[in-house]
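Here the structure is laid out as structure tokens; the discussion comes afterwards.
Chain identifiers are assigned alphabetically (A, B, ...) following the order of the sequence lines, protein sequences preceding nucleic acid strands; residue numbering begins at 1 within each chain.
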Amino acid sequence: MNYGRMLLQLLEGLSYSISIFCWTLFFSLPLGLLVALCRMSKFTVLKQLARFCISVLRGTPLMLQLFLVFYGPYYIFKMPLTDTYRFLAVIIGFSVNYAAYFAEIYRAGIEAIPLGQYEAAQVLGYSRTQTFFKIIVPQVVKRILPPVTNEVITLVKDTSLAFTLTIPEMFSVARQWSSARTTMIPLIAAGVFYYVFNFLVAMLMERFEKYLNYYR
Amino acid sequence: MTQLNLNKAPVLHIEHLSKSFDNLTVLKDISLDVHQGEVVSIIGPSGSGKSTLLRCCTLLETMTSGMLAFGDTIVCQSAARDTKQYASPETLRLVRQKFGLVFQNFNLFPHWSVMKNIIDAPISVQKRDKNEVIHDAELLLQKMGLADRGDYYPFQLSGGQQQRVSIARALINNPEILFFDEPTSALDPELTGEILKVIRDLAAEHMTMVIVTHEIEFARNVSDRVIFMAEGVIVEQGPANDVILHPTQERTRTFLANMRNK
Ligand SMILES: Nc1ncnc2c1ncn2[C@@H]1O[C@H](COP(=O)(O)OP(=O)(O)OP(=O)(O)O)[C@@H](O)[C@H]1O
Ligand SMILES: [Mg+2]
């Protein structure tokens with residue numbers, strides 16, 4: 001077995017995994033805030049819609065959602081299945097799914113801020129936007145960092161689900177090598193890569209948490 | 001005692017103020033003027049509407065009907081019964097600079113240093129000159145006995161120190177009137193004294209203040225006028241000594257007797 005080639009291909013797969021990871025965070029972190037704000041909106045329709053979407057997205061398998069996003073347009077609009085859309089479908093599926101989880105984390109974080117903070121801000125004359133971004137958000141960030149870290153670590157592992165849409169991410173590569181040569185080594189190597197990836201992510205998040213420890 | 005200038009518009013003018021939550025009427029037809037330099041204490045049993053009155057004055061709560069004015073600025077008025085008309089958002093924005101509010105549980109912003117807690121609003125809301133604001137804040141901190149605490153975070157301070165920071169924060173824009181809602185109730189008994197002293201010092205400087213408090217003795221010492229509220233109405237008011245030592249209303253007597261027995 002050519003270990004050099006295997007490692008090279010695994011690393012290529014890893015680059016897909018990293019790319020799914022980064023794009024998903026890039027879209028889902030802000031999208032989650034939008035969903036959370038809808039979920040907390042005064043408008044009942046918006047609120048119930050957000051609530052329903054969150055519950056469906058969290059209550060059905062991500063794998064199934066990926067299939068729907070990818071094959072849906074084909075069955076409904078007869079849109080041709082291209083490789084570009086294949087990757088796009090993965091990013092859309094992941095981003096929307098994770099946005100639902102982040103939305104609930106944000107909501108819990110925002111609702112945990114004491115009413116007195118809003119009242120103090122109001123008496124001091126801060127506008128609602130200023131209050132939200134200068135006073136509420138920084139405190140929310142600190143509170144939600146631990147649950148967000150959990151989700152981010154889950155995401156690293158979840159990127160392997162992209163194999164269901166035959167994206168050549170690391171897990172797909174490892175599986176191919178492994179079944180072609182009936183050996184566990186590629187899977188173990190992939191496992192090590194996932195672990196290192198997560199280790200680095202966890203370390204980064206911990207640094208951030210430590211930095212925010214300057215206040216309580 | 002303060003010489004009242006009755007020709008000038010009162011700093012705070014409240015007329016026939018009523019406030020209901022859904023079907024519960026919490027304030028009934030409250031009328032009250034507070035003049036320049038006056039210190040008014042509001043006492044009364046729990047649930048009598050003292051906080052709600054302060055919250056209406058500080059625009060944290062919208063009143064159901066009545067009139068509210070700070071000096072010449074009309075904040076809200078009623079043309080007819082059970083109606084009200086608030087001033088424009090722009091007017092409300094400006095009127096917020098005329099008063100300060102000190103909360104029972106301080107409500108400092110925990111992610112900001114003491115200094116930033118005090119100077120941020122004047123700089124980013126009122127757009128005052130940064131150096132001038134910092135200079136004022138340093139003087140205020142000195143006055144509060146916290147000159148060396150500017151770089152601390154709220155969690156590093158005692159409750160009494162936090163409350164003094166929040167008083168400094170309320171004073172930084174030179175408000176015309178300062179409201180206190182039970183400023184010592186969240187403090188350990190041994191820390192209440194330092195806050196009461198700060199308020200006494202402010203009274204000596206003729207700061208106009210409205211203080212909701214359960215510290216009857218303090219209210220008697222510091223105030224020009226004491227108001228006794230019960231069930232949403234002003235039952236009795238007058239010079240501090242009169243109301244507290246010689247109340248005329250049975251309701252006031254019962255309340256004061258209960259407070260003494262605690
Ligand atoms: N947001 C609200 N919604 C409904 N009812 C309220 C609200 N705020 C206050 N109340 C009611 O209004 C009444 C007066 O409350 P308020 O807090 O003004 O009393 P208080 O005199 O400050 O009492 P305490 O001495 O306990 O602070 C109470 O019956 C209270 O339950
Ligand atoms: Mg109260």
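- Contact of A:Y214 with chain B is made through backbone and side chain together, with heavy-atom distances under 4.5 Å.
- Between B:R96 and A:G125, the closest heavy-atom pair is CD-CA, 4.1 Å.
- Counting non-hydrogen atoms of other residues, nucleotides and ligands closer than 6.0 Å to CZ of A:R51 gives a total of 12 or fewer.
- Within 6.0 Å of atom CZ in A:F26, 12 or fewer heavy atoms from other residues, nucleotides or ligands are found, so the atom counts as exposed in its surroundings.
- Counting non-hydrogen atoms of other residues, nucleotides and ligands closer than 6.0 Å to CH2 of A:W23 gives a total of 12 or fewer.
- A 4.5 Å side-chain heavy-atom check between B:D120 and A:K134 finds at least one atom pair inside the cut-off.
- Taken from NE2 in B:H111 to CD1 in A:I135, the straight-line distance is 6.0 Å, to the nearest 0.5 Å.
- At a 4.5 Å heavy-atom cutoff, the contact between B:F109 and chain A is made by backbone and side-chain atoms alike.
- Atom OH of A:Y16 has 12 or fewer heavy atoms from other residues, nucleotides or ligands within 6.0 Å.
- Evaluated for a side-chain contact (heavy atoms from CB on, under 4.5 Å) with A:Q122, the options B:L60, B:T58, B:L101 yield exactly one hit, B:L60.
- With hydrogens and angles disregarded, no donor-acceptor distance shorter than 3.5 Å links the side chain of B:Y153 to the backbone of A:R216.
- Put simply, of A:K142, A:E119, A:Q130, the one with the most heavy-atom pairs under 4.5 Å next to chain B is A:E119.
- The local environment of CD in A:Q48 is crowded, with over 12 non-hydrogen atoms from other residues, nucleotides or ligands closer than 6.0 Å.
- A 6.0 Å sphere centred on CZ of A:F43 holds no more than 12 heavy atoms belonging to other residues, nucleotides or ligands.
- More than 12 heavy atoms of other residues, nucleotides or ligands sit less than 6.0 Å from atom CG of B:D129.
- Only the side chain of B:Q126 comes within less than 4.5 Å of a heavy atom in chain A; its backbone stays farther off.
- With a 4.5 angstrom heavy-atom cutoff, B:R55 touches chain A only via side-chain atoms.
- In this structure the side chain of B:F103 reaches within 4.5 angstrom of the side chain of A:V123, judged on heavy atoms.
- Within a 6.0 Å radius of CG in B:D151, other residues, nucleotides and ligands contribute 12 heavy atoms or fewer.
- Interface remark: B:S124 contributes backbone and side-chain atoms alike to the contact with chain A (heavy atom separation under 4.5 Å).
- Heavy-atom distances place the backbone of B:L108, and not its side chain, under 4.5 Å from chain A.
- The minimum heavy-atom distance linking B:N107 with A:A120 is given by the pair O-CB, 3.6 Å.
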